[in-house]
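By convention in this document, chain letters (A, B, ...) are assigned in the order of the sequence lines, proteins followed by strands, and residues within each chain are numbered from 1.
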Amino acid sequence: MDSEYNGSRYGSPDELGAASYYGSPTLRRASHSTRQSSAEVRRHRDRDSEDVEESPDELDHTFYRDETRRGRRRSSASSGENTVRMGDAGPGPEDEPENEILSPLDRMQPASHLNVHYKQKLILRGHTKGVSAVKFSLDGRWIASCSADATIKIWDAATGKHSQTLEGHLAGISTIAWSPDSKTLASGSDDKSIRLWDIHTGKPHPVPFLGHHNFVYSIAFSPKGNMLASGSYDEALFLWDVRAARLMRSLPAHSDPVGGVDFVRDGTLVVSCAGDGLIRIWDTATGQCLRTLVHEDNAPVVSARFSPNGKYVLAWTLDSCVRLWNYVEGRCVKTYQGHRNEKFSIGGTFGWQNDAAFVVSGSEDNRIYIWNVRSKEVLQRLEGHEGAVLGVDAHPTENLLVSCGLDHTVRVWRDDGGHNM
Amino acid sequence: MNLSLIDPFVLAQDYPESLTGNLRSGHATCVKFNRKGDFLASGRVDGIVVIFDVETNGLARKLRGHTRQIQSLSWSRDGRYLLSSSQDWKCVLWDLKDGSRVRTARFEAPVYIAELHPFNHLLAVASLFEDQPVLVDLSSTVPVKHILPSAPKRPRVDEDSAINEKQAAQDAKQTTCVTVFTASGNHILAGTSKGWLNIIETSSCQTIHSTRLSTSVIIYLRLTASGRDMVVNSSDRIIRTIHMPNLDDPDLNPENIKVEVEHKFQDVVNRLSWNHVAFSSTGEYITASTYKNHDIYVWERSMGSLVKILEGPKEELGVVEWHPHRPLVAACGLESGRVYLWSVITPQRWSALAPDFVEIEENVEYIEREDEFDIHPPEEIHKRQLDLEDEDVDVLTIEPVKGEIEEENSFTMPVLLDIDDSESSEEIVAVGPGTMRRKSPGEGREWMNGVESGGSGDERGKKNTANGTPKSQGRNRKRKVDQ
């Protein structure tokens, strides 16, 4: 697969430029011969960008971090109606998991409450390059998407109407995060800056957050909105005072680009993950590393987030696995498989219906995967995207998903079978 | 949620040990934590109240409305309202949602201390300089003041009218220096200039009991969060802790109230006076700043022994406050006006940096596992691992954390992105490239003149400003988040 793209690749000025300017990715790769280093990750992305015939810069690191759903409590709706529907409205034939992994748990509890049936509702077009991340605002009114074309677009979540285009970054944008009050959007870009945007005026805050020495790769707001965590290609994790746009703490977190950051529900912990295969949990107040999680294979971790209750960490790795970690005990408790994730920083999120949770993720086979959190079975595969799906987010209150990908589109998916949320 | 990961030995440390930082915004004279402990309000010499975010150590809000030094601050229970009292003879109740003034109460004298009722943010008690203390009802736009008695209630034992008259004359000279509400708010505790403690019923404004605690002035009184213990600072250089009787007992007979001193803390060697006292979050410790000295003393209350002297700043410290649930002490430097913070420094645990690191006390012999070097095909290992993942996980249910304050519609302060922080560091302004000068006194305080010349500045201020600052001043307000 790789060699297939390799042919014309090395002539790309972007690739060589990146290699010479940003240190020595090749050296780094050599030193980590056992795993795919982030430099290689990035290269793969470039290859794919060619695949969709865009500029070489088209697809930067993309990743996912979902700000909007944190702190939300689960729906209190009763599960009765859904249980009744269980029998008839099962997933269609094409939704049948192919390589289903059945655990003893499934055999004990065959009656899973989950029965998702999402269908594509809207296609939002407008971005001229791949879309790297998409997020619902916490109040559910807006969808924000950011792209390698250096713009952010705000869409109405209900109608899909384009509301604003936020322009100002000088390079592609890898990551966005909504403030808890849904009035401000933060974005991290390859121009090394983080900006805050007022979504009512569409104007950036006059003071950008400057300090990272390399591409900003992932950002997250604290639940109160007073702090921002950012991970960068410079391998550091920064904590910012949002009010003063001041760098509070710089944590020498990793030895590879920091792919994902997230705050726990009460803001006392930050999780970061990187191409070095480590997931670290930090104490927000003291800046100390409290726990490090690592899987034996050391596959690069491209995205990580806390579960809605803050007891687990969900992490995407480039061995095509999504793992759920009990970070207190330092144990991997679930592995979700079936999708393909070998090159891109793919993200996803938790969703739930009727008090049962699912994990939703993008995939490089152009589909969106939904797994049952407890049984690990694939509940549904959504087809529609014409390129790898890089980011997925779930609506805070309704049965809506939004996804984005290399095909320049943002797509909204609705589950009409479960209005009882 | 970080508690499960933190070293229990660090958590067991319940009083601060070392100076960990300082906050600066103008010259702070008093500080107060809110009940959740995420914000620290600080009153300044120039009458501005600033609110620090304890998590970021940054400025969260600036409140302008007083023209002289702030004397005391009091938070409402939900953290939405803040009462500030000042030497400009005013108390202002602020709404922190938008930074507006809810009420302004004017008095005939400078205010010593004003405190909000613990459950009703529209009721406050204030002690005034050489005047009678007042209970202020702020529920209407014009505050209603009820004068509280200062004279102690003495048992009528002898009928000798001469003695009674003499006593009455003496009592009339007494003034109240400090007033605080009890935990339920049903009673007010007042300390007088002659060392008496008066217990006043809030509903009737009558003294129901009086006890003489000291022979000299009672400077300060405060209760623990539970309201069961009280600490009294008196100018006789003794800090007293007192077990409070249950004043809310329906069968309570005011005649039988006994106020007993539990401990007396003093420095018999240096004969130090105490500027300010505070309880620790649980009430187990007492801390006090010292007069003409740079130290903060920490005593524990079970035995009454001194456990720690906090050092660091090279200046005398005034108001000292203890964080509501962390081992964190804040104190104001009298000279520089900085707010100093003492806390616990936690060492990095190396075992946290890699999952296979273990911290051991001494060398141990490594015993290899039976199957440690067994070779299995990787697929088999993977499959085995996946089969092991059969436990039930719940990623949604939120377990209540012990000690966490969870309220239904709790107030969260909006995050402002446009706070003018120019005074927070040294007051230096850039005049040109590479040239700086000290800010001239009075600069940036034009608002004060504006408010004063407007006559009843409060009402006017309320109309056209969000933060007590007329918009015509064209200050650096680029964007308001709370519109």
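Each salt bridge (Lys or Arg N to Asp or Glu O under 4.0 Å) pair with one or both residues in residues 49-58 of chain B, not counting sequence neighbours, appears once here: A:K224-B:E55, A:R243-B:D53.
Separation of atoms OG1 (B:T56) and CG (A:L228) is listed at 12.5 Å; rounding is to 0.5 Å. B:R349 CZ to A:L290 CG: the interatomic distance, rounded to the nearest 0.5 Å, is 8.5 Å. Distance check, rounded to the nearest 0.5 Å: CG of B:L417 to NE2 of A:H205 gives 4.5 Å.
Comparing A:W282, A:F306, A:Y312 by how many heavy-atom pairs each has under 4.5 Å with chain B, the most go to A:Y312.
A:L324 touches chain B through its side chain: at least one heavy atom from C-beta onward sits under 4.5 Å away, while N, CA, C and O do not. Within the 4.5 angstrom heavy-atom criterion, atoms from both the backbone and the side chain of A:A357 approach chain B. When heavy atoms are compared at a cutoff of 4.5 Å, A:R280 approaches chain B solely by way of its side chain, counted from C-beta outward. Only the side chain of A:R246 comes within contact range of chain B, with at least one heavy atom under 4.5 Å from a heavy atom of that chain. Using a 4.5 Å cut-off between heavy atoms, B:T412 makes no contact with chain A at all. Residue A:L314: no heavy atom, backbone or side chain, is found under 4.5 Å from chain B. A:N226 touches chain B through backbone and side chain together, each having a heavy atom under 4.5 Å away.
Listed for the A:T292 side chain is a donor-acceptor partner under 3.5 Å among the backbone atoms of B:A352.
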Checklist entry - Going through the distances and angles, do A:V359 and B:V395 end up as a side-chain contact (heavy atoms from CB on, under 4.5 Å)? => result CA-CA 10 Å; A:V359 170; B:V395 296; over 6 Å; no
Checklist entry - Would A:N309 and B:L396 satisfy side-chain contact (heavy atoms from CB on, under 4.5 Å), going step by step from the backbone distance to the final call? => result CA-CA 5 Å; A:N309 64 359; B:L396 299 177; 5.7 Å; no
Next on the checklist: Working note: B:V415 + A:D181, criterion side-chain contact (heavy atoms from CB on, under 4.5 Å); need CA distance, chi angles, decisive distance, verdict.
Outcome noted: CA-CA 9 Å; B:V415 175; A:D181 61 4; 5.8 Å; no
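For the salt bridge (charged side-chain N to carboxylate O under 4.0 Å, His left out) with B:D392, the qualifying choice from A:K334, A:K376, A:R374 is A:R374, the only one to do so.
The number of heavy atoms from other shown groups lying within 6.0 Å of CD1 (B:I375) does not exceed 12.
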